[in-house]
Structure formats: structure tokens, C-alpha cells
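Each remark here refers to the structure printed beneath this line.
We're numbering straight along the sequence, starting at 1.
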Amino acid sequence: TSTDDLALVAEHALAASGCLLAVIAHAQDGALKVRAAVGAVALAAGESLHLSETLRTASEQSRPAVLRNPEEVFGPGAAEKLGQVLAIPLGHRPTEDNRLLLLAHQAGGRAFSQADHDYGAAFGSHVGLALELNVAHRQREEALLSVDRDRIAQDLHDLVIQRLFAAGLSVQSLRHFTTGPAAEARINRLTEELDDSIRELRSTIYSLQAQHTGTEDLGQALFKAVHEPLRDSSMVPTVNVEGRMSSLPSPIARQVLAVVTEAVSNAAKHSGGGHVTVAITVADAGVRVVVEDDGHGFDNPERTSGLANIRRRAISLGGTSSVESSRGQGTRVIWSTMPDEAS
């Protein structure tokens with residue numbers, strides 16, 4: 001359940017009850033963690049409150065409870081501002097979230113009545129059900145979005161890429177009917193543009209397929225591996241993935257992510273360039289990673305400790321790595337577990 005949803009519930013509860021403070025919290029690690037709070041007392045999301053035995057019982061049994069002393073939950077000094085506290089479980093049954101709505105009167109205010117207790121129980125049950133339905137609705141929308149991503153990715157792969165590939169072959173066949181360096185150069189440019197478009201589409205397809213779940217997968221991990229080292233850099237990254245990274249065994253996938261992070265970090269710190277390209281090719285024979293920047297380059301690249309780490313990672317998997325760099329020509333790091341790769 002989102003924080004915005006819980007804040008809205010707290011606002012409605014505060015307005016309907018005429019209380020001074022409304023807090024929604026859930027039990028975690030023996031304490032109550034604030035999820036949303038509105039009213040005259042400043043409480044921040046994530047702040048910890050005391051989980052008393054009364055509140056623990058109310059949460060576990062899904063029954064409202066009244067705390068006559070607000071310091072029992074809000075700590076010392078709370079009684080100067082607050083009066084009685086009504087704890088209302090949000091839900092018609094105990095849940096993993098164990099959410100509680102805490103309503104507090106101002107100090108010296110009236111006591112909560114049995115009617116408040118009963119109305120609170122009904123309110124908590126209805127709100128809990130509404131929140132569950134809202135979560136189910138969002139999960140359904142995410143599932144539909146995932147289906148759409150699958151369809152779009154499949155269409156891009158089966159239709160667009162195949163047509164671009166056919167167009168590229170047609171353009172190359174024009175070499176037999178043209179003469180002269182200008183025409184040859186034009187055909188080369190068109191071929192390169194089509195190849196670039198195919199690579200970008202493949203990268204887009206991979207990104208679409210990497211967004212199926214809410215948990216971090218290889219697509220998200222690769223995004224972080226490239227962008228985290230560039231957080232304080234002006235370098236612009238390009239990522240091209242051919243093949244399915246999801247087919248990589250976990251130990252190899254972890255090494256690939258580590259190599260990308262290290263190589264991109266080196267480019268950000270030392271290259272002085274404006275662009276870095278990460279190209280990953282996954283095939284039955286293994287995986288190949290190429291990280292290339294347009295920086296000033298450097299002599300004796302093998303002496304750099306970060307690049308030495310990359311080489312050790314390749315050797316640990318029976319693979320190879322190499323670094324191509326010279327002054328003014330940028331740097332190209334090649335890391336591979338494929339056979340017959342130059343080291």
C-alpha cells in the first residue's frame with residue numbers, strides 16, 4: 001500500500017473523529033514504524049513508536065483498544081499535548097502488515113466512548129478491505145502492463161528488427177549496381193545507421209522484458225551497474241544487449257555486473273570523455289562485454305588496478321580480457337568468457 005493512500009486514510013480519519021492526531025503505523029522489529037501521520041504533532045514516516053502490550057494484542061487480535069496514557073506509545077512528554085489514544089487495526093483479520101490507525105485527542109479532551117470503539121472497528125475493517133482491493137487492482141494493472149510489454153517486445157523483434165535486417169541486406173546489394181567512392185560511402189553510412197537502429201531496438205526489447213517483476217532482476221541490476229558510477233559524472237551512457245542475460249548462471253551474471261561497474265567507473269574517473277558505450281553479447285558459447293569511452297586515453301593501461309581486477313575476474317572463469325587505449329584515442333575494455341578471444 002502506498003504512502004499516499006495511507007496519508008489519505010489518516011486525513012479522513014482525523015477529520016471524521018475530531019481528534020488532534022492521526023497516525024498509521026505497522027509493527028516491525030518489536031516497534032511501530034510510522035507510515036503516515038497528520039495532525040498537530042509532527043511525526044515523520046519511518047519514525048519508531050513504542051509497541052506496548054496493549055497495541056500488540058490489538059494488532060494480533062484485530063480488535064480496537066484504548067490507551068489512557070499517550071506516553072505508552074508516543075513516549076515521555078506526550079501527555080502535555082495528547083489525551084487518550086484509540087488504536088484501530090486496519091483490516092478485518094490480522095495481516096502481515098499489522099497496520100494500526102492511532103487516533104489521539106488533545107490533552108484534557110473527552111474520553112473515547114464505546115460508540116467510538118464500535119465505529120472504529122467498522123471503519124478499520126472497511127478501510128482495510130478497501131486497501132486490499134486497491135493493492136489487488138494495482139497488481140492487475142501491472143500484470144496487464146507486463147502483457148503489453150511482452151506483446152510490444154515480441155512485435156519489435158519479429159516485425160521491426162527483421163524488416164530492418166532485410167533492408168540492410170538490400171542496401172548492401174546495391175554495391176553491385178553503383179560505382180564511385182561517394183556512392184560507396186553513402187551505402188556504408190546507411191548500413192551503419194540500420195545496424196545502430198537494430199542494436200537500439202534490441203536494447204529496448206531487453207529493457208521491456210526486464211520490467212516484469214517488482215523485485216530487482218538483471219535488467220535493473222545492469223541499469224544500476226552502468227548509471228551508479230556516472231551519478232556525479234557528465235558522461236552519457238549507451239547500453240546494447242544482444243541475447244538473453246537472464247540465461248546466464250548467477251555466478252557469471254554477478255561477474256558481468258562487477259566488470260561493467262568497474263569499467264564504467266574507470267571511464268568516469270579517468271577518461272575525461274563525454275560518452276561511454278556498454279555492449280554485452282550473450283551466446284551459447286559464453287558472454288562478451290565491451291566498454292568503450294571517447295576520452296583522452298592513456299599509456300600502459302595494464303598498470304591500472306581496476307583493469308587488473310577485471311582481468312582476474314576473466315581468468316577465474318577461464319575467460320580473457322584486454323584493454324585497448326592510446327593517447328587521444330579513448331579506451332576500449334574487452335572482457336569475455338567465449339573461446340578464441342584475444343587476450
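When V256, V287, I252 are each tested for a side chain to side chain contact (heavy atoms under 4.5 Å, CB included) with V282, only one passes: V287. In summary, of the residues considered (D294, D293, T238), a side chain to side chain donor-acceptor pair (under 3.5 Å) with H275 occurs for T238 alone. A side chain to side chain contact (heavy atoms under 4.5 Å, CB included) with N240 is found for one member of T281, V278, T277, I280 and no other, namely T277.
Within 6.0 Å of CZ on R110 lie more than 12 heavy atoms contributed by other residues, nucleotides or ligands. H227 NE2: more than 12 foreign heavy atoms inside a 6.0 Å radius.
Here the closest heavy-atom approach between residue P89 and residue R63 is recorded as CG-N, 3.5 Å. Contact between E72 and H50 at its shortest, heavy atoms only, is O-CD2, 2.9 Å. Looking at every heavy atom in both residues, K81 comes nearest to L20 through O-CD2, 3.5 Å. In plain terms, the two heavy atoms of S325 and T331 that are nearest each other are OG-OG1, 2.9 Å. In plain terms, the two heavy atoms of H105 and G18 that are nearest each other are ND1-O, 4.4 Å. R327 approaches G297 most closely through the heavy-atom pair NH1-O, 3.7 Å.
Residues L169 and L194 are members of one and the same hydrophobic cluster, defined by side-chain heavy-atom contacts under 4.5 angstrom among Ile, Leu, Val, Met, Phe, Trp and Tyr. No continuous path of hydrophobic side-chain contacts links Y119 to V127 [ILVMFWY only; heavy atoms under 4.5 Å]. V259 is connected to V239 through a chain of hydrophobic side-chain contacts under 4.5 Å among Ile, Leu, Val, Met, Phe, Trp and Tyr, so both are in one cluster. Note on L49 and L82: same hydrophobic cluster, where clusters join Ile, Leu, Val, Met, Phe, Trp and Tyr whose side-chain heavy atoms are under 4.5 Å apart, directly or indirectly. Cluster membership check: L32 does not share its hydrophobic cluster with V38, using side-chain heavy-atom separations under 4.5 Å among Ile, Leu, Val, Met, Phe, Trp and Tyr.
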Report the C-alpha separation of Q84 and V66 in whole Å, then their side-chain angles, then the decisive distance to 0.1 Å, and conclude whether the side chain to side chain contact (heavy atoms under 4.5 Å, CB included) test is met. CA-CA 7 Å; Q84 286 191 2; V66 174; 3.5 Å; yes
Apply side chain to side chain contact (heavy atoms under 4.5 Å, CB included) to residues L102 and L55 and explain how you reach the verdict. CA-CA 10 Å; L102 305 176; L55 294 177; 4.1 Å; yes
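Here the CZ atom belonging to R99 is positioned 6.0 Å from the CG atom belonging to L6, to the nearest 0.5 angstrom. If you take CD on E228 and OG1 on T261, they are separated by 9.0 Å, rounding to the nearest 0.5 Å. Taking CD1 of I315 as the start and CZ of R312 as the end, the distance is 8.5 Å to the nearest 0.5 Å. One distance of note links CG of L100 with CD1 of I88; it measures 9.5 Å at 0.5 Å rounding. With rounding to the nearest 0.5 angstrom, the CZ atom of R35 is 13.5 Å from the CG atom of L101. A distance of 12.0 Å separates CD in Q106 from CG in L21, rounded to the nearest 0.5 Å.
Donor-acceptor pairing under 3.5 Å is recorded for the side chains of Q114 and D118. With 3.5 Å as the limit, one finds no donor-acceptor pair spanning the side chains of N188 and T191.
Not a single donor-acceptor pair under 3.5 Å links the side chain of E47 to the backbone N or O of V34. Remark: side-chain polar atoms of S125 are not paired, donor with acceptor, to backbone N or O of A122 under 3.5 angstrom. Between the H117 side chain and the P64 main chain, a donor and an acceptor come within less than 3.5 Å of each other. Between the side chain of H270 and the main chain of S265, no donor-acceptor pair closer than 3.5 Å is present. A donor-acceptor pair under 3.5 Å is formed between the side chain of R311 and the backbone N or O of S321.
Proximity of W335 to L317: side-chain heavy atoms (C-beta onward) are separated by under 4.5 Å at one or more points. A 4.5 Å side-chain heavy-atom check between L67 and S52 finds at least one atom pair inside the cut-off. You'll find the side chain of F112 stays beyond 4.5 Å of the side chain of S17, heavy atoms only. With a 4.5 Å cut-off on side-chain heavy atoms, H296 and S271 do not count as touching. E193 places a side-chain heavy atom less than 4.5 Å from the side chain of L190. Looking only at side-chain heavy atoms (C-beta outward), R254 and S250 come within less than 4.5 Å of each other. Side-chain contact between N266 and V333 is absent, with no heavy-atom pair separated by less than 4.5 Å. Side chains of Q255 and T337 form no contact here, defined as non-hydrogen atoms less than 4.5 Å apart.
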